[in-house]
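Read through the structure below, which is laid out as structure tokens, and then see the notes.
Order of appearance sets the numbers: ligands from 1, and atoms from 1 within every ligand.
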Amino acid sequence: MGVRLASGDRLASLEGRSPTIATLCSHSSLQIFHGARAEGLATLGLCVGRPPKFYDAFPLARPDRFVSVPRVKDLAGVEPQLKEQAAIVVPHGSFVEYLGAELFGKLDVPVFGNRAVLGWEYDREKEREWLESAGVAMPRRYADASEVDGPVIVKYFGAKGGKGFFLAKNRRALEGFRPEGPHVIQEYILGTRYYMHFFYSPLSDRGYRVGHGSLELLGMDRRDEANIDELYKLGAQEELLKAGLRPTFVVTGNVPVVLRESLLERAFETAARIVERSIELFGGMVGPFCVEGIMTEELQFKVFEISTRIVAGTNLFISGSPYSDLVAPDLSTGRRIAKEILLARSEGRLAEILS
Ligand code: AMP
């Protein structure tokens with residue numbers, strides 16, 4: 001038996017009814033709806049203003065019904081409609097960002113996953129505390145520019161798409177650097193980036209066991225980031241800086257990747273430690289999460305970030321990935337979420353996966 005995350009009151013709207021999968025029309029919602037429909041569940045799309053017209057182009061993913069609100073902050077006001085539909089809200093990055101972690105955390109409807117995770121992910125200090133105490137290797141953080149002894153990336157807090165992030169080859173390149181606001185100076189890891197899509201089920205009693213449940217790897221991607229990915233075509237960083245061009249890391253798309261098979265063991269061990277520590281710290285992270293890191297030439301994996309819900313990179317794998325194909329056929333992360341909800345419902349264990 002896993003940890004009980006939701007009170008009986010929170011789940012009252014679901015009692016004796018088939019649930020409806022609800023999410024905000026953005027980010028990975030087409031995949032979430034598509035997966036829910038494949039499992040026979042009803043779907044509801046929340047939108048600000050009119051439903052997106054391009055959803056009409058995707059009949060297998062378009063939700064059964066839409067609920068529109070005039071402004072983002074009005075989303076919190078649709079709780080009664082969601083309860084009426086026996087909705088389970090599936091969070092994704094845009095949903096939490098648009099509504100704000102605080103408001104999202106207070107939504108009075110059943111949410112897939114453990115919402116206690118929000119407090120540990122959105123504060124970068126707490127995220128580091130969680131990962132480092134789990135024994136996960138992270139890029140070194142310098143307290144001061146004078147300590148710098150290699151290439152660094154300077155990250156401003158809350159910088160959307162890494163706007164204004166600053167790369168410096170060494171301490172000398174940082175001389176005269178005047179920060180434009182609260183920031184961290186972090187070791188720049190040279191290597192190759194991997195964004196690994198895991199799923200933790202506290203219900204499953206087979207497979208790669210972690211805690212009371214099991215861990216699955218459903219896919220992997222690398223992000224396309226503008227303008228950094230193409231910046232080199234214009235010449236050396238220093239020259240670009242002089243010309244007033246700064247690197248940005250705005251995610252514009254995703255590319256599928258696979259990892260050398262011998263590195264999978266390390267990937268699983270890292271993800272397992274993160275889950276185990278989450279159980280100790282706040283009752284456990286449930287469902288999809290993404291471990292984002294860089295593999296160095298010494299084959300060390302350094303994690304710079306984790307996303308504790310479905311990531312948009314999973315959109316590559318609507319009908320499965322080279323990893324999920326080895327778990328079950330046609331298994332997207334969206335569909336995996338629907339399967340978990342159905343399993344929990346049939347076993348009377350919804351309180352362990354909803355909060
Ligand atoms: P973040 O805002 O932390 O997600 O970082 C945005 C992007 O910056 C990532 O997707 C990576 O491309 C890059 N990045 C972040 N941290 C590091 C690091 N320590 N070393 C190298 N690249 C990084």
Report task. Using a strict 4.0 Å cut-off to heavy atoms of Glu187, name the atoms of ligand 1 that fall inside it. Result -> 18 (C), 19 (N), 20 (N)
Report task. Would you mind checking if Glu225 and Arg193 are paired as a salt bridge, meaning a charged N to carboxylate O distance below 4.0 Å? Result -> yes
Query raised in the report: Can you tell if the side chain of Glu276 reaches within under 4.5 Å of the side chain of Val210, non-hydrogen atoms only?
Result: yes
Query - Among Glu127, Glu132, Glu125, salt bridge (charged side-chain N to carboxylate O under 4.0 Å, His left out) partner for Arg141 - result: Glu125
Requested in this report: Would you check whether Tyr156 reaches within less than 4.0 Å of ligand 1, judged by its heavy atoms?
Outcome: no
Report task. Kindly give the heavy-atom pair with the smallest separation between Leu44 and Leu82, and that separation in Å. Result -> CD2-CD2, 4.0 Å
Query raised in the report: Which ligand 1 atoms does Glu305 reach within 4.0 Å, using its non-hydrogen atoms?
Result: 1 (P), 3 (O), 4 (O)
Query raised in the report: Do Phe199 and Phe289 have ring centres separated by under 6.0 Å?
Result: no
**Report entry** For Ile294, atoms of ligand 1 separated by under 4.0 Å from a heavy atom
**Finding:** 20 (N), 21 (C), 22 (N)
**Report entry** N or O pair under 3.5 Å between Phe165 and ligand 1
**Finding:** no
Query raised in the report: If you measure from atom 8 (O) of ligand 1 to every heavy atom of Phe304, Phe249, Tyr195, which option wins on shortest distance?
Result: Phe249
Report summary line: So the atoms of ligand 1 within less than 4.0 Å of a heavy atom of Pro139 turn out to be 19 (N)
Report task. Give a yes/no on ligand 1: does Glu225 have at least one heavy atom closer than 4.0 angstrom to it? Result -> yes
Report summary line: Here the atoms of ligand 1 under 4.0 Å from any heavy atom belonging to Arg124 are 1 (P), 2 (O), 3 (O)
Query raised in the report: Side chain or backbone of Lys302 under 4.0 Å from ligand 1, or both, or neither, by non-hydrogen atoms?
Result: neither
Report task. If the plane angle is over 60° it's perpendicular, under 30° parallel, otherwise tilted; pick one for His197 and Phe317. Result -> tilted
Query raised in the report: Between the side chains of Ser201 and Glu340, is a donor N or O closer than 3.5 angstrom to an acceptor N or O?
Result: yes
Query - Arg171/Glu175 under salt bridge (charged side-chain N to carboxylate O under 4.0 Å, His left out): CA gap, chis, key distance, verdict - result: CA-CA 7 Å; Arg171 187 167 51 219; Glu175 275 168 18; over 6 Å; no
Report task. Compute the shortest N/O to N/O distance between Glu292 and ligand 1 and return yes if it is under 3.5 Å, no if not. Result -> no
